[in-house]
Amino acid sequence: MVGGVPVGGDNPITVESMTNTDTSNASETLKQINDLAAAGCEIIRVAVPDMAAAKSLKEIKKFATIPVVADIHFDYRLALASIESRADMIRINPGNIGGTERVRQVANAAKQAGIPIRIGVNGGSLEKELGDLTAEALCESTMRHVKMLEDESFYNIILAIKASNVPLTLEANQLLCQKSNYPLHIGITEAGTPYRGTIKSAAGIGALLAMGIGDTVRVSLTGDPVEEVRVAKEILQAMGLRRFGLELISCPTCGRCEADLIDMAQKVEEFCQQIDAKITVAVMGCVVNGPGEAKEADFGIACGRETGVIFEKGKIVEKLPNDRLLNALIARILAE
Ligand code: SF4
């Protein structure tokens, strides 16, 4: 359990993100957490680079509506302070905090608080003695950290191996699954700007999910974290693992299309983001093929030369001028 959110087993795969505010500024960080929660984020991670951030976490935790994970590098005192501030999970690599005694203190504090520890290994944090950046080395590094916690009889663990290279991430996670049964947080790290990062994340996370690997997902984008949440939800929805709301189908258009379908599809997509109904909506470019091509849609529009149609499950239910189709479609969806 990360706060009130179950992770692993048959539980729904969760959507995570990370704030990019200064954690020591509690109000600014809380505002971003609220925005992310409203967008569908289910677990949020905040960076804890210093004691001011660890203390601020206490204030953040009082008001945050989703579980908050403290992300700590190297400093076990920050881990202890974050647990004291009631973090719902800490992310720290026990092999990097300076010895068994410190690991014991952190493991005991987490055990007493009843919170998990996430071990997160990525290409940049690989120990030098493990040599080149390979799937085996990433996996070996992760299992070393795991052993340090298990030696303290601590088993409330979530694991993550990430690289910015998709095939390497896939191979390392497959290997890890053969060696461990702990829940996995998955993602492609430093995936890039929203365009490239979305594609890399969809390829990497999608492939892992298709293999049945992954319990919680974070998309990493160089951009607004709200975009990360939207992309993660779309990946889970596309893989048929979660259903978050309206599913939109739109045709790519071709020489038969006689309307500005790109603009129409964008408007329907904007509308869809505000609706939380598990229905499928289609926006198609021509009356001849559109209703048939999208017959699995609950509602759809297909444009004609001047007059288009509204269809439901492939059956035409109304004929209207093209410029009235959009509003009529929205009215039908809202009436549902
Ligand atoms: Fe072309 Fe019509 Fe198919 Fe769209 S629905 S791709 S316009 S044939």
Side-chain angles (χ1 to χ4, degrees), residues 15 39-40 166 188 191-207 209-210 217 219 221 223-224 226-336:
V15 174
V166 172
I188 301 298
T193 52
Y195 172 69
R196 282 169 200 281
T198 297
I199 293 167
K200 273 180 110 169
S201 299
I205 294 170
L209 293 172
V217 166
V219 167
L221 299 177
D224 183 347
V226 166
E227 275 303 302
E228 297 186 346
V229 171
R230 290 185 55 203
V231 173
K233 287 168 74 177
E234 280 300 323
I235 294 172
L236 289 173
Q237 183 148 311
M239 295 304 294
L241 294 165
R242 295 278 303 265
R243 188 75 198 253
F244 292 100
L246 268 170
E247 175 88 21
L248 177 64
I249 301 172
S250 60
C251 85
T253 76
C254 70
R256 294 178 195 88
C257 180
E258 291 177 280
D260 184 0
L261 198 77
I262 297 171
D263 181 58
M264 271 182 158
Q266 265 161 7
K267 287 192 172 123
V268 174
E269 181 165 84
E270 278 162 30
F271 165 73
C272 287
Q273 279 167 23
Q274 303 151 30
I275 299 287
D276 186 22
K278 294 182 178 20
I279 53 175
T280 302
V281 177
V283 180
M284 308 299 281
C286 73
V287 181
V288 184
N289 292 342
E293 283 181 19
K295 59 176 176 292
E296 75 270 30
D298 298 294
F299 297 95
I301 50 176
C303 301
R305 181 157 303 202
E306 275 154 15
T307 306
V309 298
I310 295 193
F311 56 92
E312 292 184 13
K313 300 263 184 217
K315 255 185 69 189
I316 293 171
V317 292
E318 202 174 349
K319 287 188 185 174
L320 286 170
N322 282 341
D323 59 3
R324 286 178 52 201
L325 284 175
L326 206 57
N327 284 344
L329 173 76
I330 289 171
R332 278 181 184 263
I333 295 170
L334 290 175
E336 175 74 4

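In each ligand, atom 1 is the first atom listed, and ligand 1 is the first ligand listed.
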Legend entry - Within 6.0 angstrom of Q274 CD, more than 12 heavy atoms from elsewhere: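 Counting neighbours around CD of Q274, more than 12 heavy atoms of other residues, nucleotides or ligands fall under 6.0 Å, so yes.
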Legend entry - Atoms of ligand 1 close to R256 [distance to a heavy atom under 4.0 angstrom, numbered from 1]: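 By the 4.0 Å cutoff, the relevant atoms are 8 (S).
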Inset, instruction - Find all atoms of ligand 1 within a distance of less than 4.0 Å from any non-hydrogen atom belonging to G285, and give their numbers and elements. - result: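 Result: 4 (Fe), 5 (S), 7 (S).
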Inset, instruction - Take R230 and E227 through the salt bridge (charged side-chain N to carboxylate O under 4.0 Å, His left out) test and state the conclusion after the steps. - result: CA-CA 5 Å; R230 290 185 55 203; E227 275 303 302; 3.0 Å; yes
For [atom], what's the nearest protein heavy atom and its distance?
| atom | result |
| --- | --- |
| atom 4 (Fe) of ligand 1 | C251 SG, 2.4 Å |
| atom 2 (Fe) of ligand 1 | C286 SG, 2.3 Å |
| atom 3 (Fe) of ligand 1 | E293 OE1, 2.8 Å |
| atom 8 (S) of ligand 1 | N289 ND2, 3.3 Å |

Legend entry - R305 (side chain) donor-acceptor with T307 (main chain) under 3.5 angstrom: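 Such a contact is absent between R305 side chain and T307 backbone.
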Legend entry - Expected output: side-chain R256 to main-chain V287 donor-acceptor under 3.5 Å: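 Checked: no pair found.
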Legend entry - Shortest non-hydrogen contact from N322 toward G308: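 That would be OD1-N, 3.3 Å.
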Inset, instruction - Supply the atom-to-atom distance I199 CD1 to I188 CD1, rounded to the nearest 0.5 angstrom. - result: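 Output value for this atom pair is 13.0 Å.
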Legend entry - C254 near atom 2 (Fe) of ligand 1 via N/O/S, less than 2.8 Å: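 Under 2.8 Å: C254 has no N, O or S contact with atom 2 (Fe) of ligand 1.
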